[in-house]
2 protein chains.
Amino acid sequence: MQFSFRMPVAVQILLCIAKFDGVFKTTSTFLASSVNINPVIIRKTLGQLKAAGLVEVAAGVGGAKLVKEPREITLQEIFNAVEEDEDLFHIQENPNPKCPVGRNIQQVLGNKLSVVKNHMLDDFAKITLADLLNDINTAEESRQ
Amino acid sequence: MQFSFRMPVAVQILLCIAKFDGVFKTTSTFLASSVNINPVIIRKTLGQLKAAGLVEVAAGVGGAKLVKEPREITLQEIFNAVEEDEDLFHIQENPNPKCPVGRNIQQVLGNKLSVVKNHMLDDFAKITLADLLNDINTAEESRQ
DNA sequence: CTCATTGTAATAACATGATTTACAATGAGT
DNA sequence: ACTCATTGTAAATCATGTTATTACAATGAG
């Protein structure tokens, strides 16, 4: 069980937009070929990133640009842009109300897990697009 | 996108075994009625918990018991018992190798995300079954 | 030997994510 | 105003994973 492609795809989109800014027009087709995914997914994801205030997309003419500096864009913002705001885990919705465990599990376990999720979001907040761009460039250099 | 029922179900199973120890025989049918889930799921989950050394199950006669004290059982052990050891997120497996972003995204983003996952596991390690039992009891008392 | 129960396989039902096709709306360039 | 590549979006389909269900051999105390 793991999270879907969504956040990683969004990250790759943003990295490409940053990396190729001024060099290539970053259309959905162009981005789709980097990620190797369907252009419609790219357009949908770009829409979410636009709604989150991270990019602006030129309808008609095509291409996308970052609205903020890479070091001001965190993984947390990207995650929140493309994922629902929901609990980390499914907890059974209809446990037995006659059982002392069943009738309290949602609240008790839910409380603990929401703390864990908040820590995860805090971790995401510490990782910026600039960090990732930097790592990409370092990795590129080490390929000679 | 969220994790499945598996870990929460395993937690509820263990809580019931601890709570009803010596009072009821905790068969898969009994546990299934607390969680309100199919007994086969319970049996399968109990099998995973047994393999992880957390419970012993009496085949034939029925019923399950904890092998360790509740305060020695952590959410991390439970999580690892029922979930695959895999990355937190899917990262596109076939990105474009001609793109400097595509050919490095797995390594770069994967590194960052594995740190986050380890933090999450550390958080899980700090939560014990005894903590949850205690919270259940407190919640029960406040119902009067 | 009996019988409730576990262990397990196989299948179906269901939900969700990803793919693909299609097409109206957009807007810079001519 | 027209063109045309592109976006935005809906709808249908495919793929995958999770949960539910049925079935039955294996288990082991009484």
Side-chain angles (χ1 to χ4, degrees), chain A residues 1-10 12-13 16-17 20 24-33 35-52 54-65 79 81-84 86-95, chain B residues 1-10 12-13 16-17 20 24-33 35-52 54-65 79 81-84 86-95:
Chain A
M1 182 81 228
Q2 49 188 175
F3 283 98
S4 74
F5 288 121
R6 279 206 285 269
M7 195 265 267
V9 165
Q12 195 170 344
I13 288 173
C16 282
I17 295 175
F20 297 119
F24 293 108
K25 188 166 75 164
T26 49
T27 66
S28 63
T29 306
F30 176 84
L31 294 168
S33 89
V35 185
N36 195 23
I37 205 176
N38 195 285
V40 175
I41 308 280
I42 300 287
R43 296 208 282 273
K44 198 174 170 189
T45 306
L46 274 174
Q48 294 175 308
L49 294 172
K50 186 170 78 171
L54 299 180
V55 301
E56 51 191 21
V57 184
V61 60
K65 286 200 183 317
F79 179 83
V82 299
E83 290 282 351
E84 297 286 316
E86 61 194 347
D87 291 340
L88 200 52
F89 285 81
H90 268 289
I91 301 183
Q92 185 71 6
E93 281 162 28
N94 307 307
Chain B
M1 183 82 228
Q2 51 188 173
F3 282 98
S4 74
F5 289 121
R6 279 205 286 270
M7 195 265 266
V9 165
Q12 196 169 345
I13 288 173
C16 281
I17 295 175
F20 297 118
F24 293 108
K25 188 166 77 165
T26 48
T27 66
S28 63
T29 306
F30 175 85
L31 294 168
S33 90
V35 185
N36 195 22
I37 205 176
N38 195 285
V40 176
I41 309 279
I42 301 286
R43 295 207 282 272
K44 198 173 170 189
T45 306
L46 274 176
Q48 293 175 307
L49 294 172
K50 187 170 78 172
L54 299 181
V55 301
E56 50 191 21
V57 184
V61 60
K65 285 200 183 317
F79 179 84
V82 299
E83 291 282 352
E84 297 284 318
E86 61 194 349
D87 291 340
L88 201 51
F89 286 80
H90 268 290
I91 301 182
Q92 184 72 8
E93 281 162 27
N94 307 306

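Convention: sequence-line order gives letters A, B, ...; per-chain numbering from 1. If you're wondering where the values come from, they're calculated on a predicted model, not measured in any experiment. Any value given below was found using the heavy atoms of this structure, including those in side chains, with hydrogens, waters and symmetry copies removed.
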**Asked** Expressed in angstrom and rounded to an integer, what is the separation of A:Phe5 atom CZ from C:dT16 atom P?
**Response** 18 Å
**Request:** With a 3.5 angstrom cut-off on both distances, give the Watson-Crick or G-U wobble partner of D:dG28, or none if there isn't one.
**Result:** C:dC3
**Message:** I want to check something: taking the side chain as every heavy atom from C-beta on, are A:Ile17 and A:Leu49 in contact at a cut-off of under 4.5 Å?
**Reply:** no
**Message:** Going 5' to 3' along DNA chain D, which are the first and last nucleotides with any atom under 4.0 Å from a heavy atom of chain B?
**Reply:** D:dT18 to D:dG28
**Message:** Can you give me the closest heavy-atom contact between B:Cys16 and B:Leu31, atom names plus distance?
**Reply:** CB-CD2, 3.5 Å
**Request:** From the options C:dA9, C:dA28, C:dT19, select the nucleotide whose nearest atom is closest to the side chain of A:Ile37.
**Result:** C:dT19
**Message:** Which is more 5' along DNA chain D, the nucleotide nearest A:Val40 or the one nearest A:Gly62? Just name the residue.
**Reply:** A:Gly62
**Message:** When you measure from the side chain of A:Gln92 to the backbone of B:Asn36, do you find a donor-acceptor pair of N or O atoms at a distance under 3.5 Å?
**Reply:** yes
**Message:** Heavy-atom nearest nucleotide on DNA chain D for B:Glu83 versus B:Ala59: which residue maps closer to 5'?
**Reply:** B:Glu83
**Prompt:** Reckon B:Arg43 has a side-chain N or O less than 4.0 Å from the OP1 or OP2 of C:dT8?
**Reply:** no
**Asked** So A:Phe3 and B:Phe89, would you call those rings parallel, tilted or perpendicular, with 30° and 60° as cut-offs?
**Response** parallel
**Request:** Answer yes or no: does a side-chain N or O of A:Asn38 lie under 4.0 Å from OP1 or OP2 of C:dA18?
**Result:** no
**Item:** Between CZ on residue A:Arg43 and CD1 on residue A:Ile41, distance to nearest 0.5 Å
**Value:** 10.5 Å
**Prompt:** Of B:Thr26 and B:Gln92, whose closest DNA chain C nucleotide lies nearer the 5' terminus?
**Reply:** B:Thr26
**Request:** Figure out the CD/P separation between B:Gln2 and C:dT16, and round it to whole Å.
**Result:** 9 Å
**Request:** Both distances under 3.5 Å, Watson-Crick or G-U wobble: report the partner of C:dT16, or none.
**Result:** D:dA15
**Item:** Interatomic spacing from CD in B:Gln2 to NE2 in A:His90 - rounded to 0.5 Å
**Value:** 4.0 Å
**Message:** Given B:Ser28, which partner from the list B:Ile42, B:Val57, B:Ile13 fulfils the side chain to side chain contact (heavy atoms under 4.5 Å, CB included) test?
**Reply:** B:Ile42
**Request:** Let me know the distance between CG of B:Asn94 and P of C:dT19, rounded to the nearest Å.
**Result:** 11 Å
